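For reference, the structure is listed below as C-alpha cells.
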Amino acid sequence: MGDRSESLRVTNTLTRQKEVFIPRDEGRVSIYTCGVTPYDESHLGHARPAVFFDVVRRYLASRGWQVRYVQNFTDVDDKIIARAQREGIPALEISRRYADEYLAAMDALGVRRADVYPKVSEHIPVIIEMVARLVEKGHAYVSGGDVYFAVESFPGYGKLSGQRLEEMMAGARVEVGEGKRHPADFALWKAARPGEPSWQSPWGPGRPGWHIECSAMSLHYLGNHFDIHGGGLDLVFPHHENEIAQSEAYTGDAPFVRYWLHNGLVTTRAEKMSKSLGNFITVRALLKEYPAEFIRYLLLSVHYRSPLEFGADALAAARRGWERLLLGWQELNRRLETVMPSLPQATGAATGPGIGATSPLAGVVRQTRENFRRAMDDDWNTPVAISTLFELTRSVNSLLHSGAELAGDTLTALAAARDLMRELGVELLGILPADPHRAFGASAAGGTDDTAITTRLIELLLEVREDARRRRDFVQADRIRDALGACGIVVEDTPAGPRWRFRGD
RNA sequence: GGCGGGAUAGCCAAGGGGCAAGGCAAGGCUCUGCAAAAGCCUUAUACGUGGGUUCGAGUCCCACUCCCGCCUCCA
C-alpha cells in the first residue's frame, strides 16, 4: 500500500456529504477525538468510537500517512466532583482512577494508545489564555465570576448542527440562566463553589466550562485547521457546535477542523445505551464472556454512522459469524504449517502481483485486497470490508476442502491468503487473533492455572476417547464427547486427529 | 416545537437511477462410524405507505406513517 491518491472519501458532518479526504499537511494526518469524562467504568458505548477511530488511524497509517492522534480526558466535571464528594476523596483522584480504568479497558480491546491524552487539569493556563482572548475580542463576557461565550457574536453559530438561534429560543428546554445574555450562551469559565476544585484566574477562582477544553487542547496540540475531529453523534450539539464557535472566534480563521466524523450510538432495545438509563454493559463485563477480537468484530460489523443495536440475539448471531471467520483463519494457518512448518509468519513476499498466478485463489486474494480497500476508502465501510474477508475465507475453505495438493502455485496463493488475512483481519481491523493457535476459553481473562489444568484434563479425555474409537467402541467415544459437550466443549474429529474448543454462545 | 438520521429476506446488515453484498437462521446434498467443522446448492417480481419524475426508481422529488438521536450531562 502506501498509495494515497485522492481516493479516500469521508462523510463530513459539517456538509453532510462525502468529501475527498485531503489532509492539511502533505503526508500527515492530525486527529482529535473527544474522550470520556472519567467518573465511572467504561461501557460499550465508549468502546465504539475508541475502536472505530483506532481502525481509522490504523488504516490511514497503512495508506502511508503519518498519524498524530490526540484524545482528551475531561477530568474536571460536575459528575466527577459529585462522586468525589460522595466518596470523600479528591476529585482528581476519582478521575485518575477511572481514566486508568478506561485505558486498561481499551488496551484489552486492542485499541492503540493515542499519542497524547491531555487532561483539563493539566492545561488550565492554555484554557485561561483562550478565554481571556475571547473576552478581549468581544466574543465572551464576564458575569459575576463566570465567563460566558456570546453566541450572537459568532455569525456561523449553528452551522454544524443545523440549528438556528431564533428557533432555539422557541425550544422548550432552553432557559435563560441568571447572568446570561442569550439562552444559548454557554459557560467558558465557572466561578468556584465551596468544596470544588478551582484555579486562580483573571475572573477569580474557578474552573473551565465543559466545551472550552477541547478547543484549547486540540488547537494546542494539533494547531489550527487540523484534519479530523471525532466523537459520538450525541456530541454534535451543543458540544461540537460550541467548539467551532469558540475556536473560530478565537483564531478568526475558519475552518477550525477540516473533517468532522461522528459515530452512531450503541443502543439496547432501540434506546441509546447510557449511564443514566442504566441499560449499559461495561467493557469489563463483556470481556469476561467474549474475546476482544469478537467485540471489535461486533462493533465494526455495522457502519460507523449507524446505530448499533446490542442485544442477546444480535450477539449470538454475530458470534456465529465471527467464529466462522476465526475457524477459517485457524485452519488456514494449521494447514500451511503442516505443509511448510519452517515458513515464518507473514512472509509478505507472497502477496506480490503474479505470485501463485496459476491458482484461482491468487485472483481471489488480489480481488479481496482491492475490494477491501475500496470499501474502506468509501467512508470507512467496515461491514463491507469484513464481508470481503468472509469471501476470502470461503475460497480458502473451498480449496482446502477440494483436496488439491498444497504445492507450487496453490501453496503460494494459500500463503498469500494467509498474509492478507493477517494484514487486514489481524493488523488492520483487529478482529482476528494474532496467534491463530490461541484457544478461546469461556473466561480468557480467568486464572491461568485453572485453564492449564482444564486443558490437560480435556486432552486426557480425548486420548481415552481416541482409544475407544480405535476399538470402534463408539458408545464410549460418544459418551465422552457428549459429556464434554455438556460442559460447553465442542469436539471435532479431523483427519489429523480430534480438535476441541469452547462453544461460543 | 426546531434540527438531524432511519425503515432493505424470518433476523442482522451493505448498497443508493440499470440483473438486490455479506453474515445468522432454515432446507437439500457431499464428507464423516455418528456428529461437528467445511464445501456445494436453494431461500428478495412487493427495499415502510401513497403519489410523481424517468426508457428505467430501494436508489431522485412530494406527502404520509412509524422509529431513533440531539435541543439538559452524555461516546
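These numbers come from a predicted model, not from an experiment. Below, chains carry the letters A, B, ... as their sequence lines are ordered, and counting in each starts from 1.
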Using the 3.5 Å cut-off, write out each protein N or O paired with an N or O of nucleotides 8-11 of chain B and the distance between them.
none

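- Side-chain polar atoms of Thr410(A) and Glu405(A) form no donor-acceptor pair below 3.5 angstrom.
- When each of Glu241(A), Glu248(A), Glu243(A) is checked for a salt bridge (charged side-chain N to carboxylate O under 4.0 Å, His left out) with Lys159(A), only Glu248(A) meets the rule.
- When heavy atoms are screened at a 4.0 angstrom cut-off, Gly45(A) is found touching base atoms of the nucleic acid.
- The CG-P distance, from Leu414(A) to A38(B), rounds to 17 Å in whole Å.
- Between Gln163(A) and Ser395(A), it is Gln163(A) whose nearest contact on RNA chain B lies nearer the 5' terminus.
- Distance, Arg481(A) CZ to C34(B) P: 11 Å, rounded to whole Å.
- Figure legend. C3(B) is base-paired to G69(B); pairs are counted as Watson-Crick or G-U wobble with both atom distances under 3.5 Å.
- At the heavy-atom level, Gly485(A) lies nowhere under 4.0 Å from the strands shown.
- Salt bridge status for Asp40(A) with Lys79(A): absent, with no side-chain N to carboxylate O gap under 4.0 Å.
- Between G23(B) and Thr393(A), no contact under 4.0 Å exists linking OP1 or OP2 to a side-chain N or O.
- Between Glu337(A) and Arg334(A) there is no salt bridge, since no side-chain nitrogen of the basic residue lies less than 4.0 Å from a carboxylate oxygen of the acidic one.
- Note: CD (Gln17(A)) to P (G4(B)) measures 14 Å, nearest angstrom.
- Across every strand in view, U30(B) sits in a pair with A38(B) that passes the Watson-Crick or G-U test at under 3.5 angstrom.
- What separates NE2 of His182(A) from P of C71(B) is a distance of 17 Å, to the nearest Å.
- Applying the salt bridge (charged side-chain N to carboxylate O under 4.0 Å, His left out) rule to Arg465(A) yields the partners Asp493(A); only residues at least two apart in sequence or on another chain are considered.
- Comparing A37(B), A75(B), G23(B) against the side chain of Val36(A) picks out A75(B) as the nearest.
- Within the shown strands, nothing qualifies as a pairing partner of C19(B) under the Watson-Crick or G-U definition with both distances less than 3.5 Å.
- Electrostatic pairing of Arg284(A) and Glu101(A) does not count as a salt bridge here, judged by no charged N lying under 4.0 Å from a carboxylate O.
- Glycosidic conformation of G5(B): anti, with the torsion beyond 90° of 0.
- Across the strands present, C60(B) finds its partner in G52(B); the criterion is a Watson-Crick or G-U wobble pair with both atom distances under 3.5 angstrom.
- By the criterion of a centre-to-centre distance under 5.5 Å and near-parallel planes under 30°, the ring of Phe474(A) forms a stack with the base of G33(B).
- For Arg181(A) and Tyr148(A), the positive end is not near the middle of the six-membered ring at less than 6.0 Å and at most 45° from its axis.
- Between His211(A) atom NE2 and A75(B) atom P the separation is 13 Å, expressed in whole Å.
- Remark: the Arg16(A) side chain and the G4(B) base include no donor-acceptor N/O pair separated by less than 3.5 Å.
- As a whole-Å value, the separation of Glu466(A) CD from C34(B) C1' is 14 Å.
- At a threshold of 4.0 angstrom between heavy atoms, the contacts of Ser276(A) with the nucleic acid are absent.
- Under 4.0 angstrom from either OP1 or OP2 of A75(B) there lies no side-chain N or O belonging to Lys272(A).
- For Arg320(A) and A25(B), the shortest distance from a side-chain N or O to OP1 or OP2 is below 4.0 Å.
- At A14(B), none of the side-chain N or O atoms of Asn381(A) fall inside 4.0 Å of OP1 or OP2 (strictly under the cut-off).
- Proximity of His401(A) to the phosphate of G39(B): no side-chain N or O atom is located under 4.0 Å from OP1 or OP2.
- Under 4.0 angstrom from either OP1 or OP2 of G39(B) there lies at least one side-chain N or O belonging to Arg324(A).
- Taking for each of Ala318(A) and Leu308(A) the nucleotide of RNA chain B with the nearest heavy atom, the 5'-most of the two is the partner of Leu308(A).
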Begin with the C-alpha distance, continue with both residues' side-chain angles, and end with the deciding distance and a verdict on salt bridge (charged side-chain N to carboxylate O under 4.0 Å, His left out) for Arg470(A) and Asp467(A).
CA-CA 5 Å; Arg470(A) 271 191 283 273; Asp467(A) 289 342; 3.1 Å; yes
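- Between Leu327(A) atom CG and G39(B) atom P there is a gap of 10 Å when expressed in whole angstrom units.
- The separation between Arg465(A) atom CZ and A35(B) atom P is 13 Å, rounded to whole Å.
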